[in-house]
Amino acid sequence: MIRKNGGRQTFAEYSNVMMKLCKKYLAMKSLQASEEYLLLEVEIHEKHKEFNRYLDTDCLDVHYLPRTMAEEKLRQWINQIHNGRLLNVTYICTGKGNRSSNGVPVLKNMLVERARSIGYNK
């Protein structure tokens with residue numbers, strides 16, 4: 001197994017944790033204002049940040065993030081590009097959508113459309 005985050009966690013371990021957290025997150029969608037929901041959102045962000053901390057600076061990985069979180073990550077990423085903190089060329093890893101309810105890649109399609117709408121090409 002590849003340990004992409006400095007040897008602390010395999011991708012399989014990460015994906016299992018993130019799938020459980022995201023399922024719980026989506027199940028709690030109606031409780032968005034609750035403290036438990038907000039804490040879960042923070043936990044997902046922290047797990048994602050920890051696992052991806054060794055990625056190249058031109059790569060944004062949004063595997064296993066819920067759609068709203070992936071959109072926010074893209075918005076922050078683009079702001080950093082506009083502010084000159086990141087290169088203009090970037091790679092976005094979305095996955096294939098294998099775990100999407102209808103088999104259509106939600107994150108990939110949404111991120112490509114969002115990037116195009118603000119002037120970036122695929």
Side-chain angles (χ1 to χ4, degrees):
M1 289 281 171
I2 296 173
R3 293 186 182 269
K4 116 179 177 186
N5 68 344
R8 295 180 59 186
Q9 188 177 46
T10 66
F11 185 76
E13 293 165 342
Y14 168 74
S15 64
N16 285 335
V17 168
M18 289 299 282
M19 279 193 306
K20 289 175 187 174
L21 289 174
C22 289
K23 281 182 184 179
K24 186 175 179 182
Y25 177 83
L26 294 173
M28 295 176 64
K29 199 74 170 160
S30 62
L31 305 172
Q32 286 183 4
S34 74
E35 185 176 341
E36 184 181 0
Y37 182 84
L38 297 175
L39 290 173
L40 183 59
E41 195 171 68
V42 168
E43 184 178 2
I44 291 170
H45 276 291
E46 290 302 316
K47 295 279 185 201
H48 184 263
K49 182 179 172 182
E50 178 185 341
F51 186 75
N52 290 299
R53 71 179 180 263
Y54 292 104
L55 285 178
D56 293 335
T57 58
D58 62 349
C59 184
L60 173 63
D61 187 346
V62 294
H63 279 97
Y64 297 103
L65 289 181
R67 180 187 174 117
T68 55
M69 288 184 187
E71 281 182 294
E72 178 62 20
K73 292 276 185 196
L74 179 67
R75 187 189 61 74
Q76 292 170 355
W77 192 264
I78 290 172
N79 284 341
Q80 288 181 347
I81 291 170
H82 285 222
N83 292 332
R85 289 181 285 204
L86 292 174
L87 301 172
N88 284 332
V89 176
T90 193
Y91 301 93
I92 301 174
C93 304
T94 62
K96 297 178 183 177
N98 292 337
R99 289 166 196 82
S100 296
S101 59
N102 58 0
V104 176
V106 174
L107 291 181
K108 179 180 177 184
N109 294 342
M110 179 273 299
L111 290 172
V112 167
E113 181 57 38
R114 176 73 84 175
R116 282 185 182 152
S117 73
I118 59 171
Y120 287 87
N121 296 321
K122 186 175 179 182

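Just so you know, these numbers come straight off a predicted model, no measurement behind them. In what follows, every heavy atom counts, from backbone to side chain, and hydrogens, waters and symmetry copies are set aside.
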Calculate, to the nearest 0.5 Å, the distance between atoms CE and CD belonging to Met110 and Glu113 respectively.
10.5 Å
How many angstroms lie between atom OH of Tyr64 and atom NZ of Lys23, to the nearest 0.5 angstrom?
10.5 Å
His63 and His48, any side-chain heavy atoms less than 4.5 Å apart:
no
Sub-4.5 Å side-chain heavy-atom contact between Lys24 and Glu36
yes
Tell me, do Val62 and Trp77 make a side-chain contact under 4.5 Å, heavy atoms counted?
no
Could you check whether Arg75 pairs with Glu72 (Lys NZ or Arg NE/NH1/NH2 to Asp/Glu carboxylate O, under 4.0 Å)?
yes
Taking atom CG of Leu65 and atom SG of Cys22, what is their separation to the nearest 0.5 Å?
6.5 Å
Is the closest side-chain heavy-atom distance between Lys96 and Lys108 below 4.5 Å?
no
If I take atom CG from residue Leu111 and atom CZ from residue Arg67, how far apart are they, to the nearest 0.5 angstrom?
8.5 Å
Verify same cluster id: Val42, Tyr37 (apolar side-chain graph, 4.5 Å):
no
Give me the atom names and distance for the closest heavy-atom approach of Tyr25 to Ile44.
CB-CD1, 3.8 Å
Euclidean distance, Leu21 CG relative to Glu41 CD, rounded to 0.5 Å:
12.0 Å
Just how far is it from atom CG of Leu107 to atom CG of Leu74, taken to the nearest 0.5 Å?
10.5 Å
